K.L.:
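One structure follows; several queries about it will come next.
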Number of protein chains: 2
Amino acid sequence: MRYELYYWPEIQGRGEFVRLALEEAGADYLDVARSGPRGMAAMMRLMESRAVRQPPFAPPFLKAGNVIVGQTGNILLFLGPRLGLAPRADAGRLWAHQLQLTVADFVLETHDTHHPIAGSLYYEDQKPEAKRRAALFLRERITKFLGYFERVLARSRGRWMTGGKLSYVDLSVFQAIEGLRYAFPNAMSRRAFRSPRLMALRDSVASRPRIARYLASDRRLPFNEMDIWRHYTELDR
Amino acid sequence: MRYELYYWPEIQGRGEFVRLALEEAGADYLDVARSGPRGMAAMMRLMESRAVRQPPFAPPFLKAGNVIVGQTGNILLFLGPRLGLAPRADAGRLWAHQLQLTVADFVLETHDTHHPIAGSLYYEDQKPEAKRRAALFLRERITKFLGYFERVLARSRGRWMTGGKLSYVDLSVFQAIEGLRYAFPNAMSRRAFRSPRLMALRDSVASRPRIARYLASDRRLPFNEMDIWRHYTELDR
């Protein structure tokens, strides 16, 4: 089965959580909007088509045969078992998905540090608000989320988030950390020592052969200031 | 099976999406933190216990026998089939969950209208920012989300979000609309006519016998200004 991933072509964004799973599994997939000059038009056509009975709200979405699946966490819920990246038992799959939804909450809060007022305004139009929000995010929220994930790892029966076997959640936690390290290098360097298990997990993911090859390839887009994770020195105390 | 729901005792909040499903199904459940003077302590104990191997990040969470499930959408993913409130086929269940996650995004954006800077600050400490965010939410986001859900209904093969049979998604859409009507009565009255299918769905849910009895009971907490949906006249142009 060749999967078709639909996502904005210029950012890692939420699409990256899906890409990492597809790459780790060595799956056959097409990154449609990046696949050529007509890729973006194909994505917009699918989003606007009245013939799609179950339209996605926004990218990313995945096409697998006749099925179109939207919402990042839901895509991974669907893909996880197919790619061998989810626990086998139902209870384990629910737990993985629960963690994934918590990663999604964390990622949204990270995004809103530079866009606290509206996604439709430029960062420059909400800079004072962004400074206030980012300071509180770094003081309170980053500690709460990273502390939680560190605790999950401490209680896991193995070295991965859901136990002894890598799952898509580990890839997503890796990505959330990479994004934070890009956006807030100062804050993250100061608090890395309080998340030793998470930092080890980050390294383990980065050195998996397929992930390492992917990260070094041009399929991995660089972080940039159109993305969820943006580096603005004034927000990183 | 007696379910135990754990959620803050003084607000509808995210717990309400779970309550509505349990109520519609006539399920046997205990609303733990509201069940008596020791309910809240029981909830905090469970959240802080080191013996819980898969700790929830935050309420609501559900205990079903030995399983603890967290994250609202994930709880409904788990409960839906058990309560007869989810489509039968796997593809239908994914679609229902996808819609539920979109409701969750909408609900979070609704919340952030009065707390754009931080959940840890009072509304009074972020009022100018809230005014800016709420105005843009009412101008852009409410239209985008309600327009999307209206479109989903228009393309459905039945009168409900996922087809001819009521699912937990319908109950959640009802709740999202009720919350908006409470928080933004002016804005909502002006745009109700553009969402005729959604308004009909809202009425259909409200008049289901078990839901009607629940809404009239004291198990249904009133909306209030500690909740996700708050009525501040200055935010409702």
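For clarity, every value in this text was computed on a predicted model and none was experimentally measured. Throughout, a chain's letter reflects where its sequence line sits, starting with A, and its residues are numbered from 1.
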K.L.:
If you look at every heavy atom in Trp160(A) and Ser204(A), which pair is closest and at what distance?
P.N.:
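Nearest heavy atoms, Trp160(A) then Ser204(A): CH2-CB, 3.6 Å.
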K.L.:
Looking at chain A, which one of Ala118(B), Pro55(B), Ala91(B) has the largest number of heavy-atom pairs inside 4.5 Å, strictly under?
P.N.:
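Ranked by heavy-atom pairs under 4.5 Å with chain A, first place is Pro55(B).
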K.L.:
Tell me, side chain or backbone of Val69(B) under 4.5 Å from chain A's heavy atoms, or both, or neither?
P.N.:
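For Val69(B), backbone and side chain are both near chain A.
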K.L.:
With a 4.5 angstrom heavy-atom cut-off, could you sort out which part of Tyr148(B) is near chain A: side chain, backbone, both or neither?
P.N.:
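Looking at Tyr148(B), just its side chain touches chain A.
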K.L.:
Could you check which of Leu77(B), Val67(B), Val152(B), Thr162(B) has the highest count of heavy-atom pairs closer than 4.5 Å to chain A?
P.N.:
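Option with the greatest count: Leu77(B).
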K.L.:
Heavy-atom distances under 4.5 Å only: say whether Asp90(B) touches chain A with side chain, backbone, both or neither.
P.N.:
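No part of it gets close to chain A.
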K.L.:
Could Arg230(A) and Glu225(A) be called an ion pair, given the rule that one side-chain N must be under 4.0 Å from one carboxylate O?
P.N.:
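Here Arg230(A) does not pair with Glu225(A) in a salt bridge, since their nearest N and O are not under 4.0 Å apart.
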K.L.:
Where do Thr143(A) and Arg139(A) come nearest, in terms of heavy atoms and distance?
P.N.:
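Reported closest heavy-atom pair: OG1-O, 3.7 Å.
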K.L.:
For chain B, which candidate among Arg132(A), Arg141(A), Glu109(A), Glu140(A) shows the most heavy-atom pairs at distances under 4.5 Å?
P.N.:
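So the answer, after comparing Arg132(A), Arg141(A), Glu109(A), Glu140(A), is Arg132(A).
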K.L.:
Using non-hydrogen atoms and a 4.5 Å limit, figure out which bit of Phe137(B) sits close to chain A: side chain, backbone, both or neither.
P.N.:
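No part of Phe137(B) comes within 4.5 Å of chain A.
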K.L.:
Check for a donor-acceptor pair, side chain of Glu129(A) on one end and backbone N or O of Ile117(B) on the other, with a separation under 3.5 Å.
P.N.:
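Side chain of Glu129(A) to backbone of Ile117(B): no pair is present.
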K.L.:
Looking at Ile228(B), is its backbone amide N or carbonyl O close enough to the side chain of His114(B) to form a donor-acceptor pair, meaning the two atoms are under 3.5 Å apart?
P.N.:
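Such a contact is found between His114(B) side chain and Ile228(B) backbone.
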K.L.:
For chain A, find which of Arg155(B), Arg50(B), Gln100(B), Lys144(B) contributes the most heavy-atom pairs closer than 4.5 angstrom.
P.N.:
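The candidate making the most pairs under 4.5 Å is Arg155(B).
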K.L.:
Would you mind checking which part of Ile75(A) comes under 4.5 Å of any heavy atom in chain B, side chain (CB onward), backbone (N, CA, C, O), both or neither?
P.N.:
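When you check distances to chain B, no heavy atom of Ile75(A) falls under 4.5 Å.
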K.L.:
Please classify the contact of Ser156(A) with chain B as side chain, backbone, both or neither, using a heavy-atom distance under 4.5 Å.
P.N.:
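Just its backbone gets close to chain B.
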K.L.:
Counting only heavy atoms closer than 4.5 Å, note whether Arg151(B) contacts chain A via side chain, backbone, both or neither.
P.N.:
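Contact with chain A: none, neither part.
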K.L.:
Can you tell me which portion of Gln54(B) sits under 4.5 Å from chain A's heavy atoms? Options are side chain, backbone, both or neither.
P.N.:
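Contact with chain A: backbone and side chain both.
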K.L.:
Measure from the side-chain N and O atoms of Arg82(B) to the backbone N and O of Phe78(B), and report whether any donor-acceptor pair falls under 3.5 Å.
P.N.:
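It does hold such a pair.
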K.L.:
Report the C-alpha separation of Phe145(B) and Phe57(A) in whole Å, then their side-chain angles, then the decisive distance to 0.1 Å, and conclude whether the ring pair (Phe, Tyr, Trp, His ring centres under 6.0 Å) test is met.
P.N.:
CA-CA 8 Å; Phe145(B) 278 103; Phe57(A) 181 73; 4.5 Å; yes
K.L.:
Can you see whether Gln12(A) engages Glu178(A) through a side-chain donor-acceptor pair at a distance of less than 3.5 angstrom?
P.N.:
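No, no side-chain donor-acceptor pair sits under 3.5 Å.
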K.L.:
Select one option (side chain, backbone, both, neither) describing which atoms of Leu99(B) are under 4.5 Å from chain A's heavy atoms.
P.N.:
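For Leu99(B), neither part sits under 4.5 Å from chain A.
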K.L.:
Is it the side chain or the backbone of Pro56(B) that comes within 4.5 Å of chain A heavy atoms, both, or neither?
P.N.:
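Both parts, backbone and side chain.
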K.L.:
Answer with side chain, backbone, both or neither: which region of Leu136(A) has an atom nearer than 4.5 Å to a non-hydrogen atom of chain B?
P.N.:
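Interface part for Leu136(A): side chain.
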K.L.:
Flag the one option from Ile68(B), Asp125(B), Thr113(B) with the top tally of heavy-atom pairs under 4.5 Å to chain A.
P.N.:
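Heavy-atom pair counts peak at Asp125(B).
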K.L.:
When you look at Tyr29(A) and Lys63(A), which way does the side-chain contact (heavy atoms from CB on, under 4.5 Å) test go after all the steps?
P.N.:
CA-CA 10 Å; Tyr29(A) 77 102; Lys63(A) 203 158 173 293; over 6 Å; no
K.L.:
Check each of Tyr6(B), Trp8(B), Tyr7(B) against Phe61(B) using the ring-ring contact (aromatic ring centres under 6.0 Å, His included) test, and report the only one that passes.
P.N.:
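Going through Tyr6(B), Trp8(B), Tyr7(B) one by one, the ring-ring contact (aromatic ring centres under 6.0 Å, His included) with Phe61(B) is satisfied by Tyr6(B) alone.
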